[in-house]
Amino acid sequence: MNESVNALDLSYEEWIETSVTQWKLPRYRADQLCQWIYDKKVFNVHEMTNLSKDLREKLVYELMILPPIAVREDTSKDGTKKFLWQLYDGERIESVLLSHGSHTTACISSQVGCPLNCSFCATGKSGFTRNLSAGEIVGQFLAMEKRMGQNINNVVYMGMGEPFLNSVEVFKSIRILNSQKMRNLGARHITISTSGVVPDILELADFPIPVRLSVSLHAPNDALRSKLMPVNRKHSLGSLIDALKAYKDKTGERITIEYVMLQKVNDEPEHAYEMAAILSGLGVYVNLIPYNPIALLQPGEQGLQRSTTDRIKEFAAILAKLGIENEIRKEKGTDIDAACGQLRARNM
Ligand code: SAH
Ligand code: SF4
């Protein structure tokens, strides 16, 4: 007997291959199954009424459709929702659903924890357990759509984890979400955020689906960046900027830069001048993110603080004066620890 297949991990080509070769079914059956899962969010084979009873009974044993299980859902004063999911092996991850007017954006995780340990990020502080599979990444999105009873408009890979340390599964999850026969989510509605894993930025430049790229900069020189983001010791600022230039030349796409505002750490006027200099000519759009407080795990660790509104405004004004377009990001979901950098593998 064949091993049963994990449905959410299948690309469209794998659906066809499995349906035709393993189950001896015509190709259109693969399309029907994808429609049930990705359009109708039906995860129970017994409810797939355009399949014959015999086929349903056979597929129940051959096909596992396992979206993550919700163990907790919180709703913020501003309407942001945070979901805590349990995976098949008991590991837990979080996703966030943000609404802006009638539109919604899902912020999804790519790893259980994150090994990169940025000093300002709760995910980094919670350590790293494992990568998520493509199906576990897509599953967060589908499970949120099913729970909300509506389609979600955008997805950002800005939850737990560094997407480019799990690029094979992350790229596969994008193909699944984007495929016309599957979720059919437009490339312009998908954003990857990276802390600066250079080889994968270059790989993204060659990826056939033109998703958006967001890069977490957070410091305008190597000394400070390496202190805040250990990934900079491996991929220096110079190599990162070169990769962004190559990406821009190849794709013509506008890159977003994320910069978390830390009081008296990276928010001095000189930092804004340095930043404008390294980003000059790249045509980026900068998001200034007021730092969201996180719980410190190690005793004696020095706490970081959010820059004052005046300092953030002054920083923004200097960048603008030097031709770097920017905006100050409105915080969302801080009261339920759902804001940027606040996600972790909590138990409750
Ligand atoms: N690992 C990827 C994506 C997840 S983090 C990355 O680092 O880009 C998503 C964004 O939240 C990043 O820009 C990250 O730097 C930012 N962030 C992390 N901790 C934060 C905090 N405490 N306050 C505000 N933003 C934070
Ligand atoms: Fe990892 Fe991103 Fe958090 Fe850094 S900011 S520890 S790369 S999730």
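The figures here come from the full heavy-atom set of this structure, side chains too, leaving out hydrogens, waters and symmetry mates. Just so you know, ligand 1 is whichever comes first in the structure, and atom 1 is the first atom listed for that ligand.
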- Task: Kindly write out the residues that satisfy ring pair (Phe, Tyr, Trp, His ring centres under 6.0 Å) with Phe120, not counting sequence neighbours, or none if the list is empty.
- Result: His218
- Message: Less than 4.0 angstrom from a charged side-chain N to a carboxylate O is my criterion; do Glu91 and Arg130 meet it?
- Response: no
- Task: Classify the side-chain pair Ser110/Asn166 by whether it contains a donor and acceptor separated by less than 3.5 Å.
- Result: no
- Message: Go through it in stages, so that I can follow the logic: the residues are Leu132 and Leu87, the test is side chain to side chain contact (heavy atoms under 4.5 Å, CB included), and I'd like the CA-CA distance, side-chain angles, deciding distance and then a yes or no.
- Response: CA-CA 9 Å; Leu132 298 183; Leu87 306 173; 3.6 Å; yes
- Message: So, using ring pair (Phe, Tyr, Trp, His ring centres under 6.0 Å) as the criterion, who are the partners of Trp36 when residues are at least two apart?
- Response: none
- For atom 2 (Fe) of ligand 2, the protein heavy atom that lies nearest, with its residue and separation: Gly161 O, 4.5 Å
- Considering only NZ, NE, NH1 and NH2 on the basic side and carboxylate oxygens on the acidic side, decide whether Glu145 and Arg183 come within less than 4.0 Å. yes
- Query: How about Asp78 and Ser76: does a side-chain donor come under 3.5 Å of a side-chain acceptor?
  - Reply: yes
- Task: Assess whether atom CD of Glu268 is packed by more than 12 heavy atoms of other residues, nucleotides or ligands within 6.0 Å.
- Result: yes
Check: every ligand 1 N/O to protein N/O pair under 3.5 Å:
residue	atom	partner	partner atom	Å
ligand 1	1 (N)	Gly161	O	2.9
ligand 1	1 (N)	Glu162	OE1	3.4
ligand 1	8 (O)	Ser193	OG	2.7
ligand 1	8 (O)	Ser216	OG	2.6
ligand 1	13 (O)	Ser216	OG	2.7
ligand 1	15 (O)	His218	NE2	2.4
ligand 1	19 (N)	Phe120	O	3.4
ligand 1	22 (N)	Phe120	O	2.7
ligand 1	22 (N)	Asn292	O	2.9
ligand 1	23 (N)	Asn292	N	2.9
ligand 1	23 (N)	Cys340	O	3.4

- Query: What are the protein N, O or S atoms, given as residue plus atom name, that sit under 2.8 Å from atom 4 (Fe) of ligand 2?
  - Reply: Cys118 SG
- Item | Asn292 side chain to Lys332 side chain, donor-acceptor N/O pair below 3.5 angstrom | no
- Query: Is there a donor in the side chain of Thr194 and an acceptor in the side chain of Glu162, or the other way round, less than 3.5 Å apart?
  - Reply: yes
